[in-house]
Amino acid sequence: MSEAVKIGLVSISDRASAGIYEDKGIPALQAWLARTLTTPWQAEVRLIADDQPTIEATLVELCDQVGCALVLTTGGTGPAPRDVTPEATLAVAHKVMPGFGEQMRQISLAFVPTAILSRQVGVIRGQSLILNLPGQPKAIAETLEGLKDADGNQKVPGIFAAVPYCIDLIGGPYIETDESLVKAFRPKSALRPKA
């Protein structure tokens with residue numbers, strides 16, 4: 001039996017981390033991953049304030065010490081003065097993967113014109129992929145899954161379709177998904193028999 005894939009889930013919010021209101025980002029991420037991943041996985045959860053040194057230290061810890069193949073953050077990607085998640089993510093990056101942020105904004109623009117105000121980024125640190133996701137549970141699911149038409153056909157691919165192959169390419173574990181929700185795209189040469 002292979003070891004469960006470690007996935008870091010980081011909710012970045014001054015108010016939620018202070019207990020002023022309940023965090024909705026981490027439960028939304030956990031529910032989405034539970035529905036979508038068929039590979040055994042384990043969440044490493046962190047609820048932290050909008051503070052750049054804290055965000056940087058948390059990302060480094062999850063990638064370097066805990067060994068998360070994937071780290072998903074939620075919150076702190078807008079233009080407000082306290083929104084510093086992208087700055088912290090870029091500060092710890094070894095490689096920037098601009099396509100993730102571009103595609104997230106493309107998807108969100110189908111719903112709200114203010115999507116252009118979001119500054120999510122995707123980066124690689126060592127053998128970990130870090131993705132900044134939106135803060136709202138509905139937007140989290142939309143960006144991960146993409147947009148489907150009334151018949152359930154994919155109109156705009158979500159970012160998660162590219163995540164498993166990206167993790168393969170950086171030496172991480174082989175992650176499989178429920179194809180009815182998200183079909184992980186891999187070239188034929190990279191496919192493995194179903195577990």
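- Under the 4.5 Å side-chain heavy-atom criterion for Ile, Leu, Val, Met, Phe, Trp and Tyr, Ile159 and Ile167 are members of the same hydrophobic cluster.
- Remark: Gln65 CD is packed, more than 12 non-hydrogen atoms of other residues, nucleotides or ligands lying under 6.0 Å away.
- In terms of heavy-atom proximity, Ala28 sits nearest to Ile140 at CB-CD1, 4.3 Å.
- A donor-acceptor pair under 3.5 Å is absent between the side-chain atoms of Arg105 and the main chain of Ala115, judged by distance alone.
- Every residue was checked against the side chain to side chain donor-acceptor pair (under 3.5 Å) condition with Asp83, not counting sequence neighbours, and none meets it.
- By the 4.5 Å heavy-atom criterion applied to side chains, Lys155 and Lys148 are not counted as neighbours.
- With Thr74 contributing its side chain and Pro134 its backbone, the two residues share a donor-acceptor pair below 3.5 Å.
- In terms of the side chain to side chain donor-acceptor pair (under 3.5 Å) criterion, residue partners of Glu61 (sequence neighbours excluded) are, by chain and number, Arg46.
- The cluster map of Ile, Leu, Val, Met, Phe, Trp and Tyr, joined by side-chain heavy atoms under 4.5 Å apart, puts Phe100 and Leu144 in the same cluster.
- The closest side-chain donor-acceptor pair between Thr73 and Asn132 falls under 3.5 angstrom.
- In this structure, Leu47 is not a member of the same hydrophobic cluster as Leu29, with clusters built from ILVMFWY side-chain heavy atoms closer than 4.5 Å.
- Arg82 and Asp51 are not joined by a salt bridge, as no carboxylate oxygen comes within less than 4.0 angstrom of a charged side-chain nitrogen.
- The structure places CG of Leu70 at 5.5 Å from CG of Leu129, a figure rounded to the nearest 0.5 Å.
- The main-chain N or O of Val156 is never found under 3.5 Å from a side-chain atom of Gln106 such that the two would form a donor-acceptor pair.
- In this structure a side-chain-to-backbone donor-acceptor pair under 3.5 Å is present from Ser17 to Asp14.
- Residues Val96 and Leu90 are in side-chain contact: their nearest non-hydrogen atoms beyond the backbone lie under 4.5 Å apart.
- Using modelled atom types and a 3.5 Å distance limit, the side chains of Glu56 and Gln52 yield a donor-acceptor pair.
- Side-chain contact between Ile175 and Trp41: absent, with no pair of heavy atoms (C-beta onward) separated by less than 4.5 Å.
- Taken from CD1 in Ile124 to SG in Cys166, the straight-line distance is 4.5 Å, to the nearest 0.5 Å.
- Checking side-chain atoms of Arg186 against main-chain N and O of Ala162 turns up no donor-acceptor pair under 3.5 Å.
- From Met104, atom CE reaches atom CG of Leu109 across 13.0 Å, with rounding to the nearest 0.5 Å.
- When each of Leu133, Leu72, Val182 is tested with Trp32 by the rule side-chain contact (heavy atoms from CB on, under 4.5 Å), just one qualifies, namely Val182.
- Of the residues Ile130, Val123, Ile7, the one that meets the side-chain contact (heavy atoms from CB on, under 4.5 Å) test with Val71 is Ile130.
- The two atoms that bring Gly146 and Gln154 nearest to each other are CA-NE2, 3.7 Å, heavy atoms only.
- Of the possible donor and acceptor atoms, one in the side chain of Asp149 sits under 3.5 Å from a partner among the backbone N and O of Asp151.
- Between Leu147 and Ile107, the closest side-chain pair of non-hydrogen atoms falls below 4.5 Å.
- Side-chain contact between Asp168 and Tyr174: present, with at least one pair of heavy atoms (C-beta onward) separated by less than 4.5 Å.
- The existence of a salt bridge linking Asp178 and Arg35 is excluded, since no basic side-chain nitrogen approaches an acidic carboxylate oxygen closer than 4.0 Å.
- Of the possible donor and acceptor atoms, one in the side chain of Gln127 sits under 3.5 Å from a partner among the backbone N and O of Gly171.
- The heavy-atom pair separating Gly76 from Pro86 by the smallest distance is O-CD, 3.3 Å.
- Smallest separation of non-hydrogen atoms from Pro164 and Ala161: CD-O, 4.1 Å.
- Thr38 places a side-chain N or O within donor-acceptor distance of the main-chain N or O of Glu176, the cut-off being under 3.5 Å.
- Side-chain contact between Gln103 and Pro157 is present, with at least one heavy-atom pair separated by less than 4.5 Å.
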Next on the checklist: Determine whether Glu87 and Ile55 satisfy the following criterion, side chain to side chain contact (heavy atoms under 4.5 Å, CB included), listing intermediate values before the conclusion.
Outcome noted: CA-CA 9 Å; Glu87 286 75 12; Ile55 300 166; over 6 Å; no

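- Residues Leu131 and Phe160 fail the side-chain proximity criterion, which asks for heavy atoms closer than 4.5 Å.
- Side-chain heavy atoms closer than 4.5 Å link hydrophobic residues (I, L, V, M, F, W, Y) into clusters, and following such links, even through other members, never connects Ile170 to Leu62.
- Atoms SG and CD, from Cys68 and Gln42 in turn, are 8.5 Å apart once rounded to the nearest 0.5 Å.
- Counting only heavy atoms from C-beta outward, the side chains of Thr143 and Ser108 approach each other to under 4.5 Å.
- Ile12 and Val84 fall within a single hydrophobic cluster, where Ile, Leu, Val, Met, Phe, Trp and Tyr are joined by side-chain heavy atoms under 4.5 Å apart, directly or via other members.
- Judged by distance alone, the side chain of Ser11 and the main-chain N or O of Ile26 form no donor-acceptor pair under 3.5 Å.
- A donor-acceptor distance shorter than 3.5 angstrom exists from the side chain of Arg125 to the backbone of Val92, with no hydrogens or angles considered.
- Atom NZ in Lys24 sits 10.5 Å away from atom OG in Ser13 (nearest 0.5 Å).
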